[in-house]
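Throughout, protein chains are lettered first and strands after them, A, B, ... in sequence-line order, and every chain is numbered starting at 1.
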Protein chains: 2
Amino acid sequence: MKKTILIFGSLCAVILLLFQFEQWSLFALGGSENLYVIITGTLFLILGMLISRHFYIKKETRKRQVQKSSLSDQELRVLNLMANGHSNKEIAEQLFIAETTVKSHVSKILLKLDARRRTEAIRIGRDLEII
Amino acid sequence: MKKTILIFGSLCAVILLLFQFEQWSLFALGGSENLYVIITGTLFLILGMLISRHFYIKKETRKRQVQKSSLSDQELRVLNLMANGHSNKEIAEQLFIAETTVKSHVSKILLKLDARRRTEAIRIGRDLEII
DNA sequence: ACTAAAATCCTACTTTCGTAGGATGTCAAA
DNA sequence: TTTGACATCCTACGAAAGTAGGATTTTAGT
């Protein structure tokens, strides 16, 4: 939120500066209106692109709401390995535990995240940004 | 390719029209340079946003064409539904095809992406930015 | 028109995943 | 001390997922 306000404030400042520059250029450039128009237009063009870009980037990274999920540390580790495409067996090997234990963890993850499949759990985990 | 040329041509036409409008407004608005500047700037602003937007969209669609070289349209649809956590049965229902067909598609996806599990295929798809 | 790829469907089979329902041990808070 | 969450492991079963090896029909490119 604060970041948004800062960026918006900066943009307003830039706009004001541009207007200042225009007023100055009115005297400086005198009668050559064409050049003046081109410069002003170009500046606004750049500004427009920056603003557009800003909103596009915002749109992509808008889901920043990190919900503290009820997953334990180990469950989170399992979920991450799952999301990396590992099988229960592989996860067991990497965490030095039995495959049955991994299954227990997975079942609890599905329960806690209200998912019916590991792929759904992964999607939910991504949505909650806990992966 | 032809589409690109058409879009680019259209943009050039728009720019030329804008310049035309500027020349006209020089006479029409007379001494009120401030209003003139604001209008011109705004038009360029909009143009800048449109151009920027155009390139952003292009950037996204360019990645989509990388995918087309490997995965077919339907396979891509299946992969996306998979990534959303759907089962083969659910995917079949959503695409109005048989579950066996979905299995065929999934097998080909795994082959093409060199994955051994659907979760791995999802991860690879994300890495390749085709999801 | 011919051809290659895509899309559709199938049977039969193996493997992996997920559930149900336990048991045991640790460790921290009430 | 009791309670509860966490972590570990198990058997047995059913449900998905994935493989192998077909077949047919559309669709798009040369």
Side-chain angles (χ1 to χ4, degrees), chain A residues 66-128 130-131, chain B residues 1-6 61 63-128 130-131:
Chain A
V66 181
Q67 260 183 20
K68 179 69 183 174
S69 84
S70 53
L71 293 188
S72 69
D73 289 2
Q74 192 75 325
E75 283 162 359
L76 210 66
R77 250 170 259 136
V78 171
L79 180 59
N80 269 284
L81 288 169
M82 247 168 42
N84 278 329
H86 296 291
S87 68
N88 289 341
K89 201 175 181 180
E90 288 171 350
I91 295 169
E93 283 164 6
Q94 289 193 37
L95 296 181
F96 304 105
I97 56 180
E99 195 186 338
T100 54
T101 313
V102 177
K103 282 189 177 186
S104 296
H105 288 318
V106 172
S107 281
K108 242 172 204 168
I109 290 168
L110 297 183
L111 200 74
K112 286 182 176 177
L113 295 185
D114 192 30
R116 278 164 303 167
R117 279 165 289 283
R118 56 180 29 215
T119 48
E120 202 182 351
I122 292 167
R123 201 217 62 214
I124 293 169
R126 295 200 101 93
D127 286 349
L128 297 176
I130 58 179
I131 288 182
Chain B
M1 254 314 194
K2 289 168 187 171
K3 223 172 181 178
T4 308
I5 291 165
L6 268 174
T61 49
K63 285 170 189 166
R64 297 250 160 104
Q65 274 162 7
V66 171
Q67 75 190 258
K68 259 185 184 168
S69 59
S70 51
L71 294 187
S72 71
D73 287 4
Q74 193 76 325
E75 283 162 0
L76 207 74
R77 251 169 257 137
V78 170
L79 180 58
N80 270 284
L81 288 169
M82 247 168 44
N84 278 328
H86 295 291
S87 67
N88 288 340
K89 201 176 181 181
E90 288 170 350
I91 294 169
E93 283 163 6
Q94 288 192 38
L95 296 181
F96 304 105
I97 56 180
E99 195 187 338
T100 55
T101 312
V102 176
K103 283 189 177 186
S104 297
H105 288 317
V106 172
S107 281
K108 244 175 202 164
I109 290 168
L110 296 183
L111 201 73
K112 286 182 177 178
L113 296 186
D114 192 29
R116 278 162 303 169
R117 278 164 289 282
R118 51 174 42 212
T119 47
E120 201 182 352
I122 292 166
R123 199 218 64 214
I124 292 169
R126 296 201 103 93
D127 287 349
L128 296 176
I130 61 180
I131 288 182

Residue list, salt bridge (charged side-chain N to carboxylate O under 4.0 Å, His left out) with A/Lys112, at least two apart or on another chain: A/Glu75
When every non-hydrogen atom of A/Arg126 is compared with those of A/Ile131, the smallest separation belongs to N-CD1, 3.9 Å
Taking only residues two or more places apart in sequence, or in another chain, which ones meet B/Arg77 in a salt bridge (charged side-chain N to carboxylate O under 4.0 Å, His left out)? none
Could you tell me which residues satisfy side-chain contact (heavy atoms from CB on, under 4.5 Å) with A/Arg117, sequence neighbours excluded, listed by chain and number? A/Thr119, A/Glu120, B/Ser87, B/Glu90
Classify every nucleotide of nucleotides 22-30 of chain C by which part a protein heavy atom approaches to under 4.0 Å, writing B for the base, S for the sugar-phosphate alone and - for neither, in 5'-to-3' order. ---------
Just the table, please: protein N/O against nucleotides 25-30 of chain D N/O, every pair under 3.5 Å.
none

Applying the side chain to side chain contact (heavy atoms under 4.5 Å, CB included) test to A/Arg118, which of A/Asn88, A/Val78, A/Leu79 qualifies? A/Asn88
Quick one: list whatever passes salt bridge (charged side-chain N to carboxylate O under 4.0 Å, His left out) with B/Asp114, sequence neighbours left out. none
Mind running a 4.0 Å heavy-atom check of residues 78-103 of chain A against DNA chain C and sending the residues that fall below it, in number order? A/Ser87, A/Asn88, A/Lys103
Minimum heavy-atom distance B/Leu113-B/Ile124, with the two atoms named: O-CD1, 3.3 Å
Among pairs that include at least one residue of residues 98-108 of chain A, which meet side chain to side chain donor-acceptor pair (under 3.5 Å), considering only residues two or more places apart or in two chains? none
Is any side-chain N or O of B/His105 closer than 4.0 Å to OP1 or OP2 of C/dA6? no
With a 4.0 Å heavy-atom cut-off, tell me which residues in residues 112-122 of chain B come close to DNA chain D, sorted by residue number. B/Arg117, B/Arg118
When rounded to the nearest 0.5 angstrom, what is the spacing between OG in B/Ser70 and CD1 in B/Ile109? 10.0 Å
Taken to the nearest 0.5 Å, the spacing of A/Met82 CE from A/Ile122 CD1 works out to 5.0 Å
Could you pull out all residues at least two apart from A/Glu93 that satisfy side-chain contact (heavy atoms from CB on, under 4.5 Å)? A/Lys89
With B/Leu110, which residues qualify under side-chain contact (heavy atoms from CB on, under 4.5 Å), at least two apart? B/Val106, B/Ala115, B/Ala121
Interatomic distance where CG belongs to A/Leu71 and P belongs to D/dA5 [whole Å]: 15 Å
Do A/Val102 and A/Leu81 have side chains that get closer than 4.5 Å, going by heavy atoms? no
Find the distance B/Lys108:NZ to D/dT19:P and express it as a whole number of Å. 13 Å
Where the side chain of A/Ser72 is defined as all heavy atoms beyond and including C-beta, which of D/dA7, C/dT19, D/dG18 is the nearest nucleotide? D/dA7
Rounded to whole Å, please give me the gap between CG in B/Asp73 and P in C/dA6. 10 Å
Quick one: bend of the helix from C/dA1-D/dT30 to C/dA30-D/dT1 from 5 pairs per end, to 10°? 60°
Do the side-chain N or O atoms of B/Gln74 get closer than 4.0 angstrom to the phosphate oxygens (OP1, OP2) of C/dA6? no
